Amino acid sequence: MNRTTFFRFAGAAITAAIFALSLLPGPDLPDVPGGDKWHHSLAYFACMFCWGQAFVRPVQRLKLAILFVGMGALIECLQYFTATRSFEVMDMVANALGVIAAWFVV
């Protein structure tokens, strides 16, 4: 498996995990102030990092960044319609910060 294939596979797995973990009922975790936002940022950082390694042209990476920021906003909107999740603007901000940080790293 070459490098590009590896990062595409990893990126697809992380993207699928983000959707599943964001929309399925979650376990009752203790409330840690701000801890949830770190999870959001790290998940979207990992997603953008992997896809950014698979697509190396700057225009491709910019499109990926826009796509993942939009994906984070879409998932937050979808959470509004679930019984166990909630819509939070700060989650969207945390998602976007993770994407932006990874975009600068890659």
Side-chain angles (χ1 to χ4, degrees):
M1 176 183 306
N2 67 24
R3 181 179 184 272
T4 301
T5 303
F6 170 79
F7 280 112
R8 284 184 181 180
F9 178 77
I14 291 168
T15 304
I18 288 172
F19 269 97
L21 294 172
S22 296
L23 297 174
L24 294 175
D28 291 327
L29 297 174
D31 188 27
V32 178
D36 169 60
K37 306 312 176 239
W38 284 109
H39 297 154
H40 283 265
S41 292
L42 289 172
Y44 281 81
F45 179 93
C47 188
M48 178 62 196
F49 181 83
C50 286
W51 284 110
Q53 295 300 314
F55 295 94
V56 296
R57 292 194 342 236
V59 171
Q60 292 174 319
R61 288 179 173 169
L62 179 60
K63 289 178 182 179
L64 285 171
I66 293 167
L67 174 72
F68 293 133
V69 169
M71 182 180 95
L74 172 67
I75 288 175
E76 284 303 314
C77 292
L78 291 174
Q79 285 180 342
Y80 176 79
F81 299 104
T82 66
T84 58
R85 299 294 182 150
S86 62
F87 172 86
E88 291 186 38
V89 173
M90 290 310 295
D91 285 351
M92 286 191 281
V93 172
N95 298 342
L97 289 175
V99 170
I100 292 166
W103 185 66
F104 280 111
V105 169
V106 298

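Owing to the predicted nature of the structure, the values given are computational and were not obtained by experimental measurement.
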Please table the atom pairs, donor to acceptor, closer than 3.5 Å between any side-chain atom in residues 86-95 and protein atoms at least two apart or in another chain.
unit_1	atom_1	unit_2	atom_2	d
Glu88	OE1	Lys37	NZ	2.9
Asp91	OD1	Lys37	NZ	2.6
Asp91	OD2	His40	NE2	3.4
Asn95	OD1	His40	ND1	2.9
Asn95	ND2	Asp91	O	3.2

### Query
Is there a chain of hydrophobic side chains (I, L, V, M, F, W, Y, each step under 4.5 Å between heavy atoms) that links Val99 to Val56?
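Each belongs to a different hydrophobic cluster.
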### Query
If you group Ile, Leu, Val, Met, Phe, Trp and Tyr by side-chain heavy-atom gaps below 4.5 Å, do Phe104 and Met48 land in one group?
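Same cluster: Phe104 reaches Met48 through Ile, Leu, Val, Met, Phe, Trp or Tyr contacts under 4.5 Å.
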Please list every donor-acceptor pair under 3.5 Å in which a side-chain atom of residues 10-23 meets a protein atom from a residue at least two apart or in another chain.
unit_1	atom_1	unit_2	atom_2	d
Thr15	OG1	Gly11	O	2.7
Thr15	OG1	Trp51	NE1	3.1
Ser22	OG	Ile18	O	2.6

Which pairs would a plain distance check flag for residues 61-72, meaning a side-chain donor or acceptor within less than 3.5 Å of a matching protein atom at least two apart in sequence or in another chain?
unit_1	atom_1	unit_2	atom_2	d
Arg61	NE	Gly52	O	2.8
Arg61	NE	Phe55	O	3.1
Arg61	NH1	Val106	O	2.4
Arg61	NH2	Gly52	O	2.9

### Set of residues satisfying side-chain hydrogen bond (donor to acceptor under 3.5 Å, both in side chains) with respect to Arg3, sequence neighbours excluded
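For Arg3, the residues satisfying side-chain hydrogen bond (donor to acceptor under 3.5 Å, both in side chains) (neighbours in sequence not counted) are Gln53.
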### Query
With Gln60, which residues qualify under side-chain hydrogen bond (donor to acceptor under 3.5 Å, both in side chains), at least two apart?
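For Gln60, no residue satisfies side-chain hydrogen bond (donor to acceptor under 3.5 Å, both in side chains) once neighbours in sequence are set aside.
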### Query
Atom SG in Cys47, atom CG in Leu42: separation rounded to 0.5 Å?
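Here the interatomic distance stands at 12.5 Å.
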### Query
For Thr5, which residues count as a side-chain contact (heavy atoms from CB on, under 4.5 Å) partner, sequence neighbours excluded?
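By the side-chain contact (heavy atoms from CB on, under 4.5 Å) rule, Thr5 matches Met1, Asn2.
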